[in-house]
Q: 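Input: one structure, supplied below.
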Amino acid sequence: MKTSKIAYKPVGLALGVVSGMTAAALFKQSWKMLGHDEDAPDATDEERSWHEVLLAATLQGAIFAGVKAAVDRAGATAVRRLTGTWPG
C-alpha cells in the first residue's frame with residue numbers, strides 16, 4: 001500500500017463523518033420540503049405506505065451517495081494540492 005494512501009486514511013475517516021452529518025441534515029430538510037412534516041419512515045414502519053418508505057429510502061441513498069462522492073473528491077483534490085500526489 002502506498003504511503004500517501006496510508007497517510008490519507010485518517011483524513012478520509014474524518015471526511016466520512018463530516019459527509020454523513022451533512023447528508024443527514026440535507027436529507028432531513030429535503031424530506032420536509034417534499035411536504036412531509038414527520039421524520040422519514042423506516043422500512044419496518046407499519047403505518048407508512050410502500051410508496052412513502054421506498055421514496056424516502058431512494059432519496060436518502062441518492063443524497064448520501066452524492067454528498068459522499070463530493071466530499072471524498074474534494075478531500076482528495078485538497079491532498080493533491082498540498083502534497084502533489086493523489087491519495088488513491
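Excluded from the calculations below are hydrogen atoms, water molecules and symmetry mates; all remaining heavy atoms, backbone and side chain alike, are included. Throughout, numbering of the chain's residues begins at 1 and tracks the sequence.
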Q: Taking ILVMFWY side chains as joined if any heavy atoms are under 4.5 angstrom apart, and letting links pass through other members, which residues group with Phe64?
A: none
Q: Sorted by first residue and then second, give each salt bridge (Lys or Arg N to Asp or Glu O under 4.0 Å) pair with at least one member in residues 49-63; sequence neighbours left out.
A: Arg48-Glu52
Q: Please check if Val67 and Val11 belong to a single hydrophobic cluster, counting links between Ile, Leu, Val, Met, Phe, Trp and Tyr side chain heavy atoms closer than 4.5 Å.
A: yes
Q: Distance-only criterion, 3.5 Å: show the donor-acceptor pairs between side-chain atoms of residues 72-88 and protein atoms not counting sequence neighbours.
A:
from  : atom 1 : to    : atom 2 : distance (Å)
Asp72 : OD2    : Lys68 : NZ     : 2.6
Thr77 : OG1    : Arg73 : O      : 2.8
Thr83 : OG1    : Val79 : O      : 2.8
Thr83 : OG1    : Thr85 : N      : 3.3
Thr83 : OG1    : Thr85 : O      : 3.3
Thr83 : OG1    : Thr85 : OG1    : 3.3

Q: Going by atom type alone, with no hydrogens or angles, which donor-acceptor pairs under 3.5 Å involve a side-chain atom of residues 54-62 and a protein atom two or more places apart or on another chain?
A:
from  : atom 1 : to    : atom 2 : distance (Å)
Thr58 : OG1    : Leu54 : O      : 2.8

Q: How close do Gly16 and Ser19 get, heavy atom to heavy atom, and via which atoms?
A: O-OG, 3.0 Å
Q: Please identify each residue that fulfils side-chain contact (heavy atoms from CB on, under 4.5 Å) with Val18, with sequence neighbours left out.
A: Thr22
Q: Which atom pairs, one a donor and one an acceptor, fall under 3.5 Å between side chains of residues 26-33 and the rest of the protein, sequence neighbours left out?
A:
from  : atom 1 : to    : atom 2 : distance (Å)
Ser30 : OG     : Leu26 : O      : 2.8
Trp31 : NE1    : Glu38 : O      : 3.4

Q: Just jot down the salt bridge (charged side-chain N to carboxylate O under 4.0 Å, His left out) partners of Asp39, sequence neighbours excluded, or say none.
A: none
